[in-house]
Trainee: 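First, the structure itself, so that you have it in front of you.
These numbers come from a predicted model, not from an experiment.
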Amino acid sequence: MVRLTDSEIENTLVSGWSRCKNRSAMERSLKFSDFNGAFSFMTAVALKAEQMDHHPEWFNVYNRVDIILTTHSDGAVTGKDVELAKFINKLIKDIKLI
C-alpha cells in the first residue's frame, strides 16, 4: 500500500475520525448503549477486517470502543485505513451512540 502524506491524511480524514498525535494513525472513540451493542459492532468490524487482512488496534470496556487504524507493515496511514474507517462509519450510521 502507498503511505498517505500528512496533507493527504487531512484531506481524506473520514468524518468522526481524528489523527493520532504521536504517530501516523487515525483514531475514534465510540460509546454504545451497552456491552452487547459494543461487542456486536466489534464482531462486524472483525469480520470485515479479516476479509481485508487489515486489523485495527482497539480497546473495549463495557460500552466503549476505542479504535486506532494504521497500516503496521507500512508504519503509516494508507488507503486500507481509510477504507476500514468508511466501513465503520457506515456500520454505525444507524446505531444510536451515546
Trainee: Is the shortest side-chain N to carboxylate O distance from Glu10 to Arg19 below 4.0 Å?
Mentor: yes
Trainee: For the residue pair Ile95 and Phe32, establish whether any side-chain heavy-atom pair is separated by less than 4.5 Å.
Mentor: yes
Trainee: Is a side-chain N or O of Asp81 found less than 3.5 angstrom from the main chain of Thr78, in a donor-acceptor match?
Mentor: yes
Trainee: If you define the side chain from C-beta out and look only at heavy atoms, does anything of His54 sit under 4.5 Å from Glu83?
Mentor: no
Trainee: Any side-chain heavy atom of Leu69 sitting closer than 4.5 Å to one from Val77?
Mentor: no
Trainee: Which atom pair, heavy atoms only, marks the closest approach of Thr70 to Ser24?
Mentor: OG1-O, 2.7 Å
Trainee: Does the side chain of Lys21 reach to within under 4.5 Å of the side chain of Glu27, using non-hydrogen atoms?
Mentor: no
Trainee: Within a strict 4.5 Å, meaning less than it, do heavy atoms of the Arg64 and Leu30 side chains meet?
Mentor: no
Trainee: Which value, rounded to the nearest 0.5 Å, describes the distance between Phe59 atom CZ and Ser29 atom OG?
Mentor: 10.5 Å
Trainee: Looking at NE2 of His55 and OG1 of Thr71, how far apart are the two atoms once the value is rounded to the nearest 0.5 Å?
Mentor: 12.0 Å
Trainee: Going from NZ on Lys80 to OG on Ser73, what distance comes out if it is rounded to the nearest 0.5 angstrom?
Mentor: 7.0 Å
Trainee: Hydrophobic clusters here meaning ILVMFWY residues chained together by side-chain heavy-atom distances under 4.5 Å, can you tell me if Leu4 and Ile68 are in one?
Mentor: no
Trainee: Grouping I, L, V, M, F, W and Y whenever their side-chain heavy atoms are under 4.5 Å apart, do Ile92 and Met52 come out in a common cluster?
Mentor: yes
Trainee: What's the separation between atom CG in Leu47 and atom OG1 in Thr43, rounded to the nearest 0.5 Å?
Mentor: 7.0 Å
Trainee: Would you say the side chain of Val65 lies within less than 4.5 Å of the side chain of Met42, judging by non-hydrogen atoms?
Mentor: yes
Trainee: Any idea which heavy atoms bring Asn63 and Ser33 closest together, and the distance?
Mentor: CB-C, 4.4 Å
Trainee: Check this for me: Phe39, atom CZ, are more than 12 non-hydrogen atoms of other residues, nucleotides or ligands nearer than 6.0 Å?
Mentor: no
Trainee: Is the closest side-chain heavy-atom distance between Ile67 and Phe41 below 4.5 Å?
Mentor: yes
Trainee: If we count only N and O atoms by modelled type, under 3.5 Å, do the side chains of His72 and Glu57 hold a donor and an acceptor together?
Mentor: yes
Trainee: Check the hydrophobic clustering (I, L, V, M, F, W, Y; side-chain heavy atoms under 4.5 Å; chains of links allowed) and say if Trp17 and Leu97 are grouped together.
Mentor: yes
Trainee: Going by heavy atoms in the side chains, are Arg28 and Asn89 under 4.5 Å from each other?
Mentor: yes
Trainee: Atom CG in Leu91, atom NZ in Lys86: separation rounded to 0.5 Å?
Mentor: 16.0 Å
